[in-house]
Structures are given as structure tokens and as C-alpha cells.
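All figures in this text were calculated on a predicted structure; none of them were measured in a lab. Lettering follows sequence order; numbering is per chain, from 1. What's counted below: heavy atoms across the whole structure, side chains too, no hydrogens, waters or symmetry copies.
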There are 2 protein chains.
Amino acid sequence: MTRMDVTPNLRCLSENRAGLSLRERKKLRTRIAIRRATYRLIASEGYEATTVEQIAEAAEVSPSTVFRYFPVKEDIVLTDEYDPVMADILRQRPAGEPILESLRFVIVESLRGMLRDQPEELYARTRLMVEVPSIRARMSETMSTTSQLLAQILAERTGRDPAELELRLFVSTVIGTLREVTIYWGERGFEDDLFSLIDRAMVVLGDLDLRD
Amino acid sequence: MTRMDVTPNLRCLSENRAGLSLRERKKLRTRIAIRRATYRLIASEGYEATTVEQIAEAAEVSPSTVFRYFPVKEDIVLTDEYDPVMADILRQRPAGEPILESLRFVIVESLRGMLRDQPEELYARTRLMVEVPSIRARMSETMSTTSQLLAQILAERTGRDPAELELRLFVSTVIGTLREVTIYWGERGFEDDLFSLIDRAMVVLGDLDLRD
DNA sequence: CTTGATTTTGAGAATTACTTTCATTTGATG
DNA sequence: CATCAAATGAAAGTAATTCTCAAAATCAAG
């Protein structure tokens, strides 16, 4: 809800404490504390075995507060603030650039950002995506939201109808590919170079393009 | 668990009562009763508002039994027996056929079958997919299983490694497209012709193909 | 058709995610 | 400091899901 007013810094995300009121900073701290506690507990106990009560205790807040910040347990682990980042990157792409290329750029840049800022979180999240079906499922939902957002932006840029089937399919295919690549990467223990995998994926997408 | 021994008839699925023991037939009847009761209740009360207890009562079984048949509430609504059907259709495709064409055929034929055998269920399910996020999420998971199954078959046919990234991406893209098209279809109140939508989707996928 | 083995079912208790409500605390502000 | 609005915690409630165990149904032999 309050996410809109924070212009996201492409560099460091959850550290963005500049110019926030005491209240806001406290909220941010709580949010981070909950997430940290969760990742810690999950790492030692596993996802299912970690109850919200434990998380609350570890983060030194009440269970109600946890639910206030993250309505669904899975959200704690997969809510990321990268949607607006991706949106920004996409908006900065030249209008004439082929759509596939724009999306590739967005994906690569976002991943690069995540790997730079919070690599551990990216690994942890990917691991969860591979291991916990409910998280994987929810992640797909998240990505489908991302997909809609990007489609919206591309619609503006190309003057298409954002609801147009073809555009939706195009974007969701690319995002779906990102999902698959990430899972593949995680399944094989992060041994491959993520960006090489993305390159291979792009080859498969080949000259997928929107025609008129 | 017992699903493997039933060679699925391409014509009528849940009616396949031939040569089953009393026990098996009874189980099948229970399964169908639960599903029917669920769809009925959902139609009048909505998905979230329908509790498993109500379902159990309506189907005249105990809640435990419901959970024994469908471990997760969502399963009642989205478990379908079409995976083996799709697999069979795919296996019958000529080895030389382009993969995309094979998959298109599988999709079109399966949908045709569903529309013929249980159109109401297809509509109901699609409606749920559009309206209930948790179902949509789970449906994606289901489709990803389907996707793996089909990839496996295609791997055998083409002599590829079933775990190969490119193959996985290819199949999951096509299945993901089916998902999107179905949602699109449902969002617009089933006004479009489903098969025309699929044709349009195939145009977007264009000459997506696996190269070596 | 009776008996004993096997399967399926139902009853009930326990866990846990999630919701809702309300009183209390805390930061923002004049 | 006094006041208002937002944030928190406490507590009770709902519903999904799991587990356990005993009763009932089916099956396979004799």
C-alpha cells in the first residue's frame, strides 16, 4: 500500500532509509526483522516446520503483527520490491527497441541487481522455489503480476491495447521463461552461470516477436 | 496412486466403470459425488465460503473421507484426469512432426475432448481460475507437472535428454501459453471461440522451434 | 455363506494458518 | 503537553489439514 510513494533506488533497496519518518523507519525495520528471522528459521528448521508464532517470537513482534505485514506466510519469503525496479528499467528502454530485447535487458539487469544487493536472499528464495510447491505456485502468481505490469508499460510504448491477447502472451512467455530458468538453475545447485542460462533461454525464444 | 492401471479412454473419462471391482466402482462414485457436491456448492456459495465440512455433508461422506480423496481442497476442483490423455495423444503423433505442431495438436484435441465430455466442468474450472488466486496458482503447478510429462515423452521421441533446459523451456512455454489463453478466454466471459484464441496464440509462438 | 484378512470409512482431537476485534501504545503535530 | 491517527498486542474464532484408532464394508477362501 505504501509501496508506491517510495521511489525505488536501483542500487540498494531495503536499505533505502533516507528521508523517512521515525514511524516509517520503524516499520521498515520491523519488516526486515521479520524477513530475516524467517530466513534464519527456515534455514535451520525448514519452511513448513517454521510456524508464524516462531517467526513472531524470533522477530520480537506479535503474531498479529507478522500477519499485518505479510498477510500470507509465503509472502514473507517471496514479496520482493523488484516489480517497480523492473518497471523503471523497462520504461528507460528506447521506444524503438524490439520488445524481446527490452524484456531481456530488464531481466538481466534486475537479476544483476539482486545478485549484487542480496545474493543470499536470491539463493534462499530460489531454493525455496525448488523445494516448496506452495511457494513455487505463489511465485508464479507473483510473476504473473509482474507480467501484467510490464505488459502495461509495453502497451503504452507501442500504442497497443494492454489487454490484447498477443501482447499478454508475449510478455508472459518471457516471464515464464525466466521462472523456468531460475528453477532449473536452482535444481542444479546454482552450478551453472545464471546469465549463460538466460542466454540459452533467449536462443529458444529466438525471434519470437509481435507482428501486426 | 491407482490411476495408472486405468487405461484412459479418450472418449468418456469419469464414466469408465468397465471391469472395476465393487470397491473400485464405489470409490469412483464417491470421488465423483464429492466433486459434484463441490461444484454445486461453489456455484451457489462461492469457493472460499464453501467449507470442506459442507462438501462432506453434501456428498454424504465424512470430512476425513474428503481429505482422503483430495488432500487439498483445491484438488477437488482442479485435479483432472487429462494428463494421461494428453500423454497418449502426444505419443500417437508421428515422430517426424515438428514439436510445436505436436503440442498444438495435443492441446486442441484435449480441449475438444473436455468440451465434448464435460463442458460445464471446463467452464466452472476456468471461472475459478480467473476468480480465485489460490486456484490459479495451484493450476499453474498442475500445468507444470503436465509440462514435465510431455517433455519426458518428447525427449524419448527425439532422443534428447528430458532434463535439457531447451526442451523444458519449449514445452513449458507452450503449456504456459495454454494457461494464458484459457484465462483470457474466461476473463472475457467465454465470448470468444476458444480455438480461434489458440490459433492466435500459435501465431505468436510463430516458428518457435528447438534447434540443435 | 461364514470367516478372516484387507481396505475403506468415520469420529474426534490436535495443529496451524489466517481473521477479526478491541484496548493500548506510540509517533506526529499544533 | 494534549490530541489525533497509526501501529501493536492480546485474545478469541474459523477452517484447512493431519493423525489416530475403532467400526464397517469388501474381498478371498474354504
- Item | Validation row: A:L154, A:L103 side chains within 4.5 angstrom (heavy atoms) | yes
- Task: To the nearest 0.5 angstrom, please state how far the CD1 atom of A:I99 sits from the CG atom of A:L150.
- Result: 11.0 Å
- Ignoring backbone atoms, establish whether A:Y69 has a side-chain N or O less than 4.0 Å from OP1 or OP2 of D:dT8. yes
- Is there a donor-acceptor pair under 3.5 Å between the side chain of A:T79 and the backbone N or O of A:I76? no
- With the side chain counted from C-beta on, respond yes when A:I183 and A:M129 share a heavy-atom pair under 4.5 Å apart, and no when they do not. yes
- Any salt bridge between A:R138 and A:E141, counting N to O under 4.0 Å? no
- Task: Describe, in one word, how the ring planes of B:W185 and B:Y123 are oriented to each other, choosing from parallel (under 30°), tilted (30 to 60°) and perpendicular (over 60°).
- Result: tilted
- Query: Does A:T65 put a side-chain nitrogen or oxygen below 4.0 Å from OP1 or OP2 of D:dG9?
  - Reply: yes
- A:E57 CD to D:dA10 P: how many Å, rounded? 12 Å
- Task: Could you list all the salt bridge (Lys or Arg N to Asp or Glu O under 4.0 Å) pairs where at least one residue sits in residues 172-182 of chain B, not counting sequence neighbours?
- Result: A:R168-B:E180
- Task: Indicate for each nucleotide in nucleotides 11-25 of chain D, in 5' to 3' sequence, whether protein heavy atoms under 4.0 Å reach the base (B), only the sugar-phosphate (S), or nothing (-).
- Result: -----SBB------B
- Query: Rounded to whole angstroms, how far apart are CD on A:E24 and C1' on D:dA6?
  - Reply: 10 Å
- chain B reaches DNA chain C, atoms under 4.0 Å from its heavy atoms, from C:dT6 to C:dA11
- Message: Would A:R35 and A:Y69 count as a cation-pi pair here, with the cationic atom under 6.0 angstrom from the ring centre and within 45° of the axis?
- Response: no
